[in-house]
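Structure record follows, encoded as structure tokens.
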Amino acid sequence: MASYPFKQIESRWQQQWKELELYRVQEHSSLPKFYVLDMFPYPSGAGLHVGHPLGYIASDIVSRYKRLKGFNVLHPMGYDAFGLPAEQYAIQTGQHPSITTNTNIKRFREQLDRMGFCYDWSREVRTCDPAYYRWTQWIFSLLFTHWYDPGKQSARPIADLLTHFQQYGSQNLQAHTSFQGSFTADEWNSYNATEREHILNAFRLAYIDETTVNWCQEMGTVLANEEVINDPKKGPVSERGGFPVERRKMKQWFLRITAYADRLLQGLDGLEWSESIKEIQRNWIGKSTGAELDFHLVEKPGAITVFTTRPDTIFGATFLVLAPEYEQLAELCSDAQRDAVMAYASKAKNRSEIDRMADTEKTGVFTGAMVRHPFTGKQLPVWVSDYVLSGYGTGAIMAVPAHDDRDFEYARVFDLPIVPVIHASEGTITEPLQEAYSAKEGVCFNSDFLNGLQIKEAISKAISEVVSRGIGRSKTNYKLREAGFGRQRYWGEPIPIVFDEKGVPSLVEELPVELPAVERYTPSGSGASPLAAVEHWVNTEHGTRETDTMPGWAGSSWYFLRYTDPHNAEQFASAEALNYWGQVDLYVGGSEHATGHLLYSRFWTKFLYDLGYISWDEPFRRLVNQGMIMGEDGQKMSKRWGNVVNPDDVCEDYGADTLRLYEMFLGPLTDSKPWNTNGIEGVSRFLNKFWRLYMVEDSCVVSNDEPTREELKLLHKTIQKVTSDIESMSFNTSVSAFMVAVNELQAAKCRKRAILEPLLILLAPFAPHITEELWSNLGHHNSVHCAAWPSFNPEYLTENEFNYPVSINGKTRTFISFALDAEESFIRETVCSNPDVMKWVEDKPLKKLIIVKGRIINMVI
RNA sequence: GCCCGGAUGGCGGAAUUGGUAGACGCGCCAGACUCAAAAUCUGGUGAUGGCAACAUCGUGCAGGUUCGAUUCCUGUUCCGGGCACCA
């Protein structure tokens, strides 16, 4: 028997849908909205393999289902089109990256179209399109002209800040800033532009900072920490290409994401995201609460401030440790130790963070400086060691070797005193300690006013004591770093900034700032992007252009907003469109974006919310991370392993509907699983069986006969199962529910319209082509995708009898049927007199009889 | 090292609030149709013992709670992912 004619059917309906603009959506609708989004792809030259569409199929099913349920569904697609591969290709071939990108997009589109997705392509966005990136630049401009007020918990215009400075100087200002000094209003008013900008820069949400960066000479650019990996042989190398990476000081654009750290953390609680992704973000933000304590120097004026989360262990502090980058290191150390200290520090500074972390052997040098313990007045030595990170807290710690593993190890290596001050609630500590007691549970001793307190109480007591004595303050720290925003590359959004002759930056008013044509795409090697060579572009009447471009994540941090109004030339999106579509209701994509894209999008959303452009401050209400599809050999699908399966080939051999169903049938959406070519046959067989329920030869054989109660029961069981499965995104089990239904209908030779027509609608989101064809064969002139989802009637499922499993001591021994409303005494009697049961019971006395209505009967003897 | 997941037949996987473990599919075995094959259809298929009825065992491992545990609790092993000197 030949297969149903999927080839004709699929291409014909795809063509029809396109002509009818079936999937085009409008905002003016009285229907409730639903916004389903896929993470848009980077259009690579390799095209799609069968792993990519997994999430697209899932979101397509939900979109179609929601539409059938009566929602106005926004389901758009676009391209994250700026990126390194197109630029690398340009460097090698001289071809403009936009050409490569367009070719790749065309190929992606063909592949996507072939799978029958219901995207509204009229809303496509491309991040590399000037009409799009002018708004990316516009958001950057807003970040540049705003600062963060932690009191109001909101971003505010720089203008407010200027007013404040003019009137009060730096007094009484609540701001998230890296500015450390203070000035009066008079001083401010006397400052020149350069001096003012130096201060404002410390407040702007988009600002310039000189920091040590990961410089990759080969790629001619700076890399983020997450783009650098540690090669055991070569040391730090780029994730892409494996080129060596070194440390370099460079001026860079940054976004002050840490201003939003607490809101980014709090906001997670209300989101319907997987616990693991939320946990990754929580760890990434890394909030820790504790105290800053001041340790005054013995022989010099001044103090060293340390951050600790364990102020309860203050009486166990036996020395301080400074990071090699500690600013006052040179002034602090004694003359005798200076050479040794500086030699150690410069050696440590040249090692990358990654290198330092890989090596956990404790090293360090005594600085010669002593400080006074703020409570006991005892003198403590100050050391310098690379196990203390300069970027976290104050770059200095108080070492409590008895209760911290790292300090313990250090004290061991340099033979420093170890003083225990906490013991487990049960029992005491035996000295000498074999390892640090770092548990967060126990009782203080040897600790003056903290003695006898539990750790938790001791922490708050210690902080209040520190505050009242003026030797410190309570303090919260975050691991989250500011987000580097400059790349020395060509193929990215230009940063809309010009610098005047004094180096003061200002915004370019007229957007977009378009990428100019360049002769060569190769980085200059001096740290500047290829744009720096385009003199006529760089030099403008207002000043010199910034030649860095934005990182890959800029355009993807707000694209979900643009889809609501993608062709708007006046605004990034109209308030009407934004208000109508609102938050993304369901976002489907890979979990690899946990700390990048997903965090940055949340940041930009909160920022735009603060400015009143949108009325919600979380972009993605529900997030589902699809798993990876591995090759048949269990390895990641890639050219390298030669195990790539192309969706085009599957569509060619089995059809798009089979591909869609099979990907869903493979297992739970969120799991990773291997592709198995054999398995696809089963799904293909199912669709053929399904087809033959309706069709014999070329004619539709569906009848108008009355369905039986059994048939209705099967239908409604399927409605119930498929509906709840789509809601919970358990598509694998709905596919098996369809298989069960078809098997049973085939066995019952049921060809009744009253059953087969609703079944067609149920399957339509999964297999849009075959269902459309059959729907049309049933005589309909509209699309099955515009029908109404069948409603579930529980009456058809009610049973009046149940075949009870009867177990004796928990083991099923026989089955007996009872009416569901049967009296317990009747059941008891019948069960006890049943011959099968009696055989097992013999003459043992019945201890207990458990009857769970509609489930089980259990005898305990 | 720390934090999250997970472990069920030959394979992918199913199992509601604790209530008939193995749905559905693949693979395999047998049969029907056929000159033959493909396709299709029917039956069987967790392990062990038995001609069979049936029995015993069985959800990584060891315990516990319960009339009853894949499901809950404690410990443990392995696998996957994240973080990794963050004080």
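Order of the sequence lines fixes the chain letters, A, B, ..., with proteins taken first and strands second; residue numbering starts at 1 for each chain.
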Filtered N/O pairs between nucleotides 5-12 of chain B and protein, under 3.5 Å:
| residue | atom | partner | partner atom | Å |
| --- | --- | --- | --- | --- |
| G12(B) | O2' | Leu666(A) | O | 2.6 |

For [X], give me all partners under side chain to side chain donor-acceptor pair (under 3.5 Å), at least two apart in sequence or on another chain.
X         : result
Glu652(A) : Lys7(A), Arg114(A)
Ser736(A) : none
Thr305(A) : Asp294(A)
Tyr326(A) : none

Any pair counted as side chain to side chain donor-acceptor pair (under 3.5 Å), so long as it reaches residues 667-678 of chain A, sequence neighbours left out: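 Qualifying pairs: Glu632(A)-Thr677(A).
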
Side chain to side chain donor-acceptor pair (under 3.5 Å) partners of residues 850-861 of chain A, not counting sequence neighbours, each pair once: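 Sorted result for residues 850-861 of chain A: Ser807(A)-Asn858(A).
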
Are any protein N/O atoms closer than 3.5 Å to N/O atoms in nucleotides 79-82 of chain B? If there are, list each pair with its distance.
none

Please list, pair by pair, any protein nitrogen or oxygen found under 3.5 Å from a nitrogen or oxygen in nucleotides 66-69 of chain B.
| residue | atom | partner | partner atom | Å |
| --- | --- | --- | --- | --- |
| C67(B) | O2' | Asn858(A) | ND2 | 3.3 |
| C67(B) | O2 | Asn858(A) | ND2 | 2.4 |

Helical stems, RNA chain B - three or more consecutive Watson-Crick or G-U wobble pairs below 3.5 Å: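 B:1-7 with B:77-83, B:10-12 with B:24-26, B:27-32 with B:40-45, B:46-49 with B:54-57, B:60-64 with B:72-76 - these are the stems of 3 or more pairs that involve RNA chain B.
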
Proximity to RNA chain B (any heavy atom under 4.0 Å), residues of residues 722-733 of chain A only: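 Contacts with RNA chain B under 4.0 Å: Asn732(A), Thr733(A).
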
Set of residues satisfying salt bridge (charged side-chain N to carboxylate O under 4.0 Å, His left out) with respect to Lys456(A), sequence neighbours excluded: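 So Lys456(A) forms no salt bridge (charged side-chain N to carboxylate O under 4.0 Å, His left out) with any residue.
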
